Novice: 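Just passing along the structure, written as structure tokens.
Being a predicted model, the structure only gives us computed values, none of them experimental.
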Amino acid sequence: MRPFSKFRMKEGDVMIGSQVAKVIQSKNSAFPVGSHVVTSCGWKTHSISDGKELTPVMADWPKDVSLSLALGAIGMPGLTALYGIEEVLGLKEGETLLVNAAAGAVGSVVGQIAKIKGCKVVGSAGSEEKVAFLKELGFDEAFNYKTVTSLEEALRKASPDGYDCFFENVGGHFSTAAMAQMKNFGRIAVCGSISLYNDVTPQTGPYQYLTMIMKQLKMEGFLQSRWTHKHPESLKRLMAWFKQGKLQCREHVTKGFENMPAAFMGMLRGDNIGKAIVAV
């Protein structure tokens, strides 16, 4: 929402956003009254749709699983984590993965999937509570980037041999520090750059081309929508891991439509652990 509101929206536009919505009136047999859909109608309490932008919640969604997870670990953030690991990084068993913003909606799933695949996982987060959460999820190493005296030293201590893969959510100084500790032929999946979203003037470097050349690194930006054709099967895999207890899903819930701006700003401050959602 933050970068899109800056680059692709103008004042007065409806704020973008996804939701799990309940069909309360219908003239479309594909979406009967009472059914639930995932859609991106923005910050609205009610919407009218011709059905083209609606995705039914999977037919066999377990009754004991909150539908809100279709916005988190068993939705777009979970798909982002999965495709970043499998399609972009090609993470292999026994490799070491670094993920920043690791206690967020995407990062927390990234680390858990990497553990499922038999990898060492190092995570960075912005509070001691979040670091404790990462340890609870099974991260091998985790540290608070706000309190370490040296980010470079913290990264080196967590994995003295370096990193095979880096799932990048932050950008800025963290990216500079991490790239220098990648192994030869390392892979970097660029998912986000939250440290830069509020910059008035776009950053222009420094760029570590020499590091990339000498280490022969691969760095690729991506959006989960590239693999839309895989979504149905991928969501089933995420749900299976959740039901097996291999995937934990933490949510930070704010109640009330009128509190959406406060919830949004709190998310950007890092108030949330896991997926930040608003219950209307």
Novice: With distance as the sole criterion, is a donor-acceptor pair present between the side chains of R250 and N272 under 3.5 Å?
Specialist: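 Judged by distance alone, the side chains do not pair up.
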Novice: Under the side chain to side chain contact (heavy atoms under 4.5 Å, CB included) rule, collect the residues that match up with P3, sequence neighbours excluded.
Specialist: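 By the side chain to side chain contact (heavy atoms under 4.5 Å, CB included) rule, P3 matches F7, Y197.
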Novice: Verify the neighbour count for atom CD of E53: are there more than 12 heavy atoms of other residues, nucleotides or ligands below 6.0 Å?
Specialist: no
Novice: Going by salt bridge (Lys or Arg N to Asp or Glu O under 4.0 Å), name the pairs with one or both residues in residues 119-132, residues two or more places apart or in two chains.
Specialist: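 Found none.
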Novice: From N184 CG over to L217 CG, what is the distance, rounded to the nearest 0.5 angstrom?
Specialist: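 So the CG of N184 and the CG of L217 are separated by 8.0 Å.
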Novice: State, yes or no, whether a side-chain contact exists between F167 and L91 at a heavy-atom distance under 4.5 Å.
Specialist: no
Novice: Please list, chain by chain and in numerical order, all residues satisfying salt bridge (Lys or Arg N to Asp or Glu O under 4.0 Å) with K183, sequence neighbours excluded.
Specialist: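 Once residues adjacent in sequence are excluded, the partners of K183 under the salt bridge (Lys or Arg N to Asp or Glu O under 4.0 Å) criterion are D164.
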Novice: With sequence neighbours left out, write down each residue that passes side chain to side chain contact (heavy atoms under 4.5 Å, CB included) with A178, or none if nothing qualifies.
Specialist: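 In terms of side chain to side chain contact (heavy atoms under 4.5 Å, CB included), with neighbours along the sequence ignored, A178 is linked to L98, L155, F166, F174.
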Novice: Kindly indicate whether the side chain of E220, heavy atoms from C-beta on, has any atom under 4.5 Å from the side chain of V190.
Specialist: no
Novice: Does atom NE2 of H229 have more than 12 heavy-atom neighbours, drawn from other residues, nucleotides or ligands, at distances under 6.0 Å?
Specialist: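 Atom NE2 in H229 is packed in, count exceeds 12.
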Novice: If you look at every heavy atom in L79 and S234, which pair is closest and at what distance?
Specialist: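 Nearest heavy atoms, L79 then S234: CD2-CB, 3.5 Å.
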Novice: Mind listing the closest non-hydrogen atom pair of L151 and A177 along with its distance?
Specialist: CD2-CB, 3.9 Å
Novice: Determine, using the 4.5 Å side-chain heavy-atom cutoff (strictly less than), whether L82 and L71 are members of one ILVMFWY cluster.
Specialist: yes
Novice: Sorted by first residue and then second, give each side-chain hydrogen bond (donor to acceptor under 3.5 Å, both in side chains) pair with at least one member in residues 15-38; sequence neighbours left out.
Specialist: S18-S40
Novice: Keeping to residues at least two apart or across chains, list the salt bridge (Lys or Arg N to Asp or Glu O under 4.0 Å) pairs with something in residues 90-109.
Specialist: E95-R187
Novice: Hydrophobic clusters here meaning ILVMFWY residues chained together by side-chain heavy-atom distances under 4.5 Å, can you tell me if L97 and L238 are in one?
Specialist: yes
Novice: Could you check if a side-chain atom of M219 sits within less than 4.5 angstrom of a side-chain atom of M179, using non-hydrogen atoms only?
Specialist: yes
Novice: Quick one, F31 and V37 - any side-chain contact, counting heavy atoms below 4.5 Å?
Specialist: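 In short, these two side chains touch, coming nearer than 4.5 Å.
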Novice: For K44, give me all partners under side chain to side chain contact (heavy atoms under 4.5 Å, CB included), at least two apart in sequence or on another chain.
Specialist: V14, S47
Novice: Which pairs pass salt bridge (Lys or Arg N to Asp or Glu O under 4.0 Å) with one or both residues in residues 253-277, sequence neighbours excluded?
Specialist: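 For residues 253-277: R269-D271.
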Novice: Measuring from atom OG of S124 to atom CG of L134, what distance do you get when rounded to the nearest 0.5 angstrom?
Specialist: 8.5 Å
Novice: State plainly whether the residues K115 and D140 are in salt-bridge range, i.e. N to O under 4.0 Å.
Specialist: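 Looking at K115 and D140, the cut-off is met.
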Novice: Flag the pair L247 / V109 as yes when at least one side-chain heavy-atom distance between them is below 4.5 Å, and no otherwise.
Specialist: yes
Novice: Please report the shortest heavy-atom distance between P32 and V23, naming the atom on each side.
Specialist: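 Looks like O-CB, 3.6 Å.
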Novice: Any pair with a residue in residues 96-114 that passes side-chain hydrogen bond (donor to acceptor under 3.5 Å, both in side chains), sequence neighbours left out, goes on the list, sorted by first then second residue, please.
Specialist: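 side-chain hydrogen bond (donor to acceptor under 3.5 Å, both in side chains) check on residues 96-114 returns N100-E168.
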Novice: If the plane angle is over 60° it's perpendicular, under 30° parallel, otherwise tilted; pick one for H231 and Y83.
Specialist: parallel
Novice: Only counting residues at least two apart or in another chain, list the ones meeting side chain to side chain contact (heavy atoms under 4.5 Å, CB included) with M239.
Specialist: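 Checked M239 against side chain to side chain contact (heavy atoms under 4.5 Å, CB included); matches are M58, W61, P62, V65, I74, F242, K243.
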Novice: Hey, are the side chains of K215 and F185 touching, using non-hydrogen atoms and a 4.5 Å cut-off?
Specialist: no
Novice: So do the side chains of T55 and T39 get within less than 4.5 Å of each other, counting heavy atoms only?
Specialist: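 Result no, sub-4.5 Å side-chain heavy-atom pair not found.
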Novice: Under the side chain to side chain donor-acceptor pair (under 3.5 Å) test, which residues partner H252, sequence neighbours left out?
Specialist: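 Checked H252 against side chain to side chain donor-acceptor pair (under 3.5 Å); zero matches.
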Novice: Could you measure the distance from the NE2 atom of H173 to the OG1 atom of T176? Nearest 0.5 Å is fine.
Specialist: 7.0 Å
Novice: Any salt bridge (Lys or Arg N to Asp or Glu O under 4.0 Å) involving residues 232-241? Give me the pairs, sequence neighbours left out, ordered by first then second residue.
Specialist: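 Checked against salt bridge (Lys or Arg N to Asp or Glu O under 4.0 Å) - neighbours excluded - the pairs reaching residues 232-241 are E86-R237.
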Novice: How many angstroms lie between OH in Y209 and CE in M212, if you round to the nearest 0.5 Å?
Specialist: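 Separation between the atoms: 8.0 Å.
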Novice: What verdict does the side-chain contact (heavy atoms from CB on, under 4.5 Å) test give for V57 and L67, after you've listed the backbone C-alpha separation in whole Å, the side-chain angles of each residue and the deciding distance to 0.1 Å?
Specialist: CA-CA 8 Å; V57 172; L67 287 169; 3.8 Å; yes
Novice: Does E141 pair with K135 as a salt bridge, N-O distance under 4.0 Å?
Specialist: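 No, E141 and K135 are not salt-bridged.
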Novice: Looking at side-chain heavy atoms only, is the closest gap between F222 and W227 below 4.5 Å?
Specialist: yes
